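Ligands are counted one by one from 1 in listed order, and the atoms in each one are counted from 1 as well. Fair warning: this is a prediction, and the values are worked out from it, not measured in the lab.
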Amino acid sequence: MPAPPPDARSQTAEVVSVEPCGDDAVVLRVRPEASLAPVRASRFFMLRREDGLSPLIPRPYSIYRDGPASNGARELEFLIKVMGRGSQALAKSRPGERLRLIGPLGNGWPTLDGDGPPWVLLAGGVGSAPFLMGIQQALAGMDDARACRPDQLWYLFGAATKGLLYDLGAFEATGVHVHTATVDGSHGRRGNVLDLLEDLQRRGDLPSEVRLLACGPEPMLEAVEHLARERGLECWLSLETLMGCGVGICNGCPVPTVPGGPLGAWTNAKCCVEGPVFSVDAVTLAGA
Ligand SMILES: Cc1cc2nc3c(=O)[nH]c(=O)nc-3n(C[C@H](O)[C@H](O)[C@H](O)COP(=O)(O)OP(=O)(O)OC[C@H]3O[C@@H](n4cnc5c(N)ncnc54)[C@H](O)[C@@H]3O)c2cc1C
Ligand code: FES
């Protein structure tokens, strides 16, 4: 039975800042009270206020930035799209207030090595959140694998409109290839990230064999899964299912598995403890 990760803990964290980001998001910076080991990109934390403003059930958020502040203290950032009660409450936090922080949870991206085909990172809207650290960790070298060179990483960022291409400058500053697409054509190519991928492959900027990572709304992930299967590409999806507990107890985060695949003995995987990152060999959003 999958269990919560051994390095997860429940603690409080002090709010350092809440800065607006794009049309409808904030970057929440917190200082955890207790030490944490380094966190792999695309792992997540459950967050809530403890003063009654938040719903009882904390909400899951990918770690966005992780690093020491100028005073040397460990601080974490979360990119939060303001949607319902949970995110509204977090966005209203003020410096000095304390939040409940549970994590790190989940598995995180696979090791991005610098050997083999280019990595193409497909982000849709706030699905960009797990990618900034993903790029930084790939460039720094992960586990014992060879570090990626910036030209081996292609970050394709899509959104409905340019105000939802959150913190684009931070991605451009990493030095990797960055391309954008918007549905309304207000920034980059008119269309979506798969249109961008097709353009880059048609022009010969990218080979037909690439390795895909994707995070974004479910219809986008279904389309990515479909493409990966059709072309036999290695592909991992970071899923943002609804979650109750985040630690494998409530069964609130089922993801259908591929029959006969690596998780095939069960018809559903638990996104919170077996994911949120899954290979398309293991799960199927579009249905088997
Ligand atoms: C592993 C993981 C990592 C995540 N990382 C981030 C992140 O870095 N930044 C971020 O902004 N969000 C992230 N999310 C999504 C975030 O958890 C939800 O947006 C949040 O729970 C919404 O809570 P709320 O109380 O504001 O909205 P609610 O009141 O719970 O919901 C408001 C509306 O949004 C819909 N909704 C809620 N959650 C989702 C979802 N996951 N997908 C689609 N629709 C949803 C609801 O059905 C409802 O219509 C992540 C989710 C997971 C599982
Ligand atoms: S959120 Fe409770 S089991 Fe996954």
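Counting protein heavy atoms only, atom 16 (C) of ligand 1 is closest to Pro60 O, 3.5 Å. Looking only at protein heavy atoms, the nearest one to atom 40 (C) of ligand 1 is Glu240 O, 3.4 Å. The protein non-hydrogen atom at the shortest distance from atom 29 (O) of ligand 1 is Gly84 CA, 3.5 Å.
Closest to atom 37 (C) of ligand 1 by heavy atom, among Leu242, Val26, Val82, is Leu242. Across Gly246, Pro276, Gly252, Gly275, heavy-atom proximity to atom 1 (S) of ligand 2 is greatest for Gly246.
At a cut-off of 2.8 Å, Cys272 does not coordinate atom 2 (Fe) of ligand 2 through any N, O or S atom.
If you number the atoms of ligand 2 from 1 as listed, the ones under 4.0 Å from a heavy atom of Gly248 come out as 3 (S). Interface atoms of ligand 1 facing Ile80, defined by a heavy-atom separation under 4.0 Å, are 11 (O). In the vicinity of Ile249, heavy-atom distances shorter than 4.0 Å reach the ligand 2 atoms 3 (S). Near Arg59, meaning under 4.0 Å from any of its heavy atoms, are these atoms of ligand 1: 21 (O), 23 (O), 24 (P), 25 (O), 30 (O). Close contacts between ligand 1 and Leu79 involve ligand atoms 7 (C), 8 (O), 9 (N), 10 (C), 11 (O) [criterion: under 4.0 Å to a heavy atom]. Which parts of ligand 2 touch Asn251 is read off a 4.0 Å heavy-atom cut-off, strictly below it: atoms 2 (Fe), 3 (S). The Cys250 neighbourhood of ligand 2 comprises atoms 1 (S), 2 (Fe), 3 (S), with distances under 4.0 Å to a heavy atom of that residue. With ligand atoms numbered from 1 in the order given, ligand 2 contributes 1 (S) to contacts under 4.0 Å with heavy atoms of Met243.
At a heavy-atom distance under 4.0 Å, atoms from both the backbone and the side chain of Tyr61 approach ligand 1. With a heavy-atom cut-off of 4.0 Å, Ala129 touches ligand 1 through its side chain alone. No part of Val273 comes within 4.0 Å of ligand 2, judged by heavy-atom distances.
In this structure, atom 47 (O) of ligand 1 has its sub-4.0 angstrom surroundings free of protein heavy atoms. The protein does not reach atom 31 (O) of ligand 1 closely, with no heavy atom under 4.0 angstrom from it. Distances from atom 52 (C) of ligand 1 to the protein include at least one heavy-atom value under 4.0 Å.
With salt bridges taken as basic N to acidic carboxylate O contacts below 4.0 Å, one links Arg65 and Asp167.
In terms of polar-atom proximity, Met83 is not counted as a contact of ligand 1, lacking any N or O under 3.5 Å from an N or O of the ligand. Taking distance alone, with nitrogen or oxygen atoms compared against 3.5 Å, Lys81 approaches ligand 1 more closely than that limit. Taking only nitrogen or oxygen atoms, main chain and side chain alike, Gly86 reaches within less than 3.5 Å of ligand 1.
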